[in-house]
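Sequence positions, counted from 1, serve as the residue numbers for this chain. Counting convention: from 1, in listed order, for ligands and their atoms alike.
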Amino acid sequence: MATNITWHPNLTHEERSLLRKQQGVTVWLTGLSASGKSTIACALEQSILNRGLNSYRLDGDNVRFGLNKDLGFSEADRNENIRRISEVAKLFSDSCCVTVTSFISPYKADRRLARELHEKDNLPFVEVYVDVPIEVAEQRDPKGLYKKAKEGIIKEFTGISAPYEAPEKPEIHIENHSGLTVEQAAEQIIDYLLEKKYIS
Ligand code: ADP
């Protein structure tokens, strides 16, 4: 733990928002693997960029190629994965970006920590539960991960050999199956952001 460090005061978020003409907000997608998080996150980011606003997506696999390449999938490593992402998402949001994260983030305690980190600095945090029955996720399985998990090739796989703790009161609940299109799912989030005046 570093000791000889000093916090340097920054512009407040309000001052920065006025100058940037945009607020920061973190849209935190959570759900099983193959529930559709990355697909929805891409559509959402694109839709916000198309409105002339800044948006950036932090994606599960991508972050593990760089920032978190030293981490695996044990509970401790998953906690640390989410802790680092929460801090990075907070920085992006503080810079007045619509930050979209798409991580399984299976543990309630980790998501609570992400929320608390944001809310203590008055940055809005929008939890989005991308909900599909596990049978649907298993059928989609675009990377063949459920198959490998069931064969025991992948250990500690969420929904098969590791828990997924569903959110109880997410700001947005997307039932991403039975005919809902990706555009409709992204639209559900856009409508919420507009209603809360996080974007205009
Ligand atoms: P995750 O990021 O949650 O692992 P992905 O975004 O990679 O999931 O999506 C998994 C698969 O499900 C992809 O093949 C994607 O095209 C498909 N998919 C996502 N949303 C829908 C939807 N609403 N209807 C049908 N298929 C979907």
Side-chain angles (χ1 to χ4, degrees), residues 25-50 55-69 71-75 77-79 81-86 88-89 92 98-108 110-111 114-115 125-151 153-168 170-193:
V25 51
T26 291
V27 179
W28 188 281
L29 275 59
T30 171
L32 292 171
S33 179
S35 58
K37 299 179 297 299
S38 299
T39 315
I40 294 172
C42 280
L44 178 63
E45 181 191 37
Q46 192 64 57
S47 167
I48 292 167
L49 289 170
N50 286 343
S55 182
Y56 194 78
R57 193 168 53 85
L58 296 167
D59 180 86
D61 284 354
N62 297 1
V63 165
R64 281 180 181 274
F65 278 112
L67 179 69
N68 290 353
K69 68 177 174 190
L71 300 178
F73 290 89
S74 66
E75 186 168 347
D77 278 6
R78 284 182 194 251
N79 294 152
N81 184 43
I82 298 302
R83 189 194 68 78
R84 289 186 200 169
I85 291 155
S86 306
V88 174
F92 269 85
V98 177
T99 315
V100 186
T101 69
S102 50
F103 300 89
I104 299 173
S105 42
Y107 299 111
K108 273 186 202 166
D110 291 342
R111 299 193 302 263
R115 180 186 292 279
F125 182 88
V126 178
E127 188 175 12
V128 181
Y129 180 23
V130 182
D131 184 9
V132 300
I134 187 134
E135 298 74 33
V136 172
E138 277 185 60
Q139 258 168 20
R140 288 183 186 161
D141 202 14
K143 301 175 212 156
L145 300 178
Y146 282 93
K147 188 167 174 290
K148 284 189 190 158
K150 284 198 150 170
E151 289 165 359
I153 300 168
I154 305 178
K155 312 276 182 227
E156 301 182 278
F157 191 78
T158 302
I160 303 293
S161 41
Y164 178 75
E165 300 172 358
E168 275 155 24
E171 276 77 7
I172 304 175
H173 186 165
I174 297 178
E175 299 204 31
N176 195 35
H177 54 99
S178 42
L180 191 82
T181 65
V182 175
E183 291 69 27
Q184 286 169 332
E187 205 54 43
Q188 205 177 321
I189 302 174
I190 294 276
D191 286 349
Y192 181 90
L193 297 177

Is there a polar contact, in the sense of an N or O pair closer than 3.5 Å, between [X] and ligand 1?
| X | result |
| --- | --- |
| Ser38 | yes |
| Val182 | no |
| Lys143 | no |
| Pro142 | no |
| Ala34 | yes |

Take atom OH in Tyr164; do more than 12 heavy atoms of anything else shown fall under 6.0 Å from it?
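Count over threshold, so yes.
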Within the distance-only criterion (no hydrogens, no angle test), does the side chain of [X] pair as donor or acceptor with the backbone N or O of [Y] below 3.5 angstrom?
| X | Y | result |
| --- | --- | --- |
| Ser55 | Val98 | yes |
| Lys37 | Val130 | no |
| Ser47 | Ala43 | no |

Which atoms of ligand 1 are found less than 4.0 Å from any heavy atom of [X]?
| X | result |
| --- | --- |
| Lys37 | 1 (P), 2 (O), 3 (O), 4 (O), 6 (O), 8 (O) |
| Leu32 | 3 (O) |
| Ser33 | 4 (O) |
| Leu180 | 22 (C), 23 (N), 24 (N) |

May I ask which of Cys42, Ala41, Gly31, Gly36 has a heavy atom nearer to atom 19 (C) of ligand 1 than the others do?
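Looking at heavy atoms only, the winner is Gly36.
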Looking only at non-hydrogen atoms, which of Arg140, Glu183, Gln139 approaches atom 17 (C) of ligand 1 most closely?
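Considering heavy atoms of Arg140, Glu183, Gln139, the nearest to atom 17 (C) of ligand 1 sits in Arg140.
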Pair Glu168 + Lys108, salt bridge at N-O below 4.0 Å
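Salt bridge: yes.
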N-O pairing of Glu156 and Arg78 below 4.0 Å:
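No, no charged N to carboxylate O under 4.0 Å.
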How close do Asn81 and Arg64 get, counting heavy atoms only, and between which atoms?
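Where Asn81 meets Arg64 most closely, the heavy atoms are ND2-NH2, 3.3 Å.
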Looking only at protein heavy atoms, identify the closest one to atom 20 (N) of ligand 1 and say how far it is in Å.
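Ranking protein heavy atoms by distance from atom 20 (N) of ligand 1, first comes Asn176 ND2, 3.1 Å.
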Just to check, does Ser35 reach to within less than 4.0 Å of ligand 1 when the distance is taken from its heavy atoms?
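Heavy atoms of Ser35 do come under 4.0 Å of ligand 1.
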Using the side chain to side chain contact (heavy atoms under 4.5 Å, CB included) rule, pick out the option among Asp59, Val63, Thr30 that qualifies with Phe103.
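The residue from Asp59, Val63, Thr30 that satisfies side chain to side chain contact (heavy atoms under 4.5 Å, CB included) with Phe103 turns out to be Val63.
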Can you tell me which portion of Thr39 lies within the under-4.0 Å heavy-atom range of ligand 1? Options are side chain, backbone, both, or neither.
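For Thr39, the contact with ligand 1 is made by both the backbone and the side chain.
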Verify the distance criterion only: is there a donor paired with an acceptor across the side chains of Asp110 and Ser105 at less than 3.5 Å?
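Result is no, nothing qualifies.
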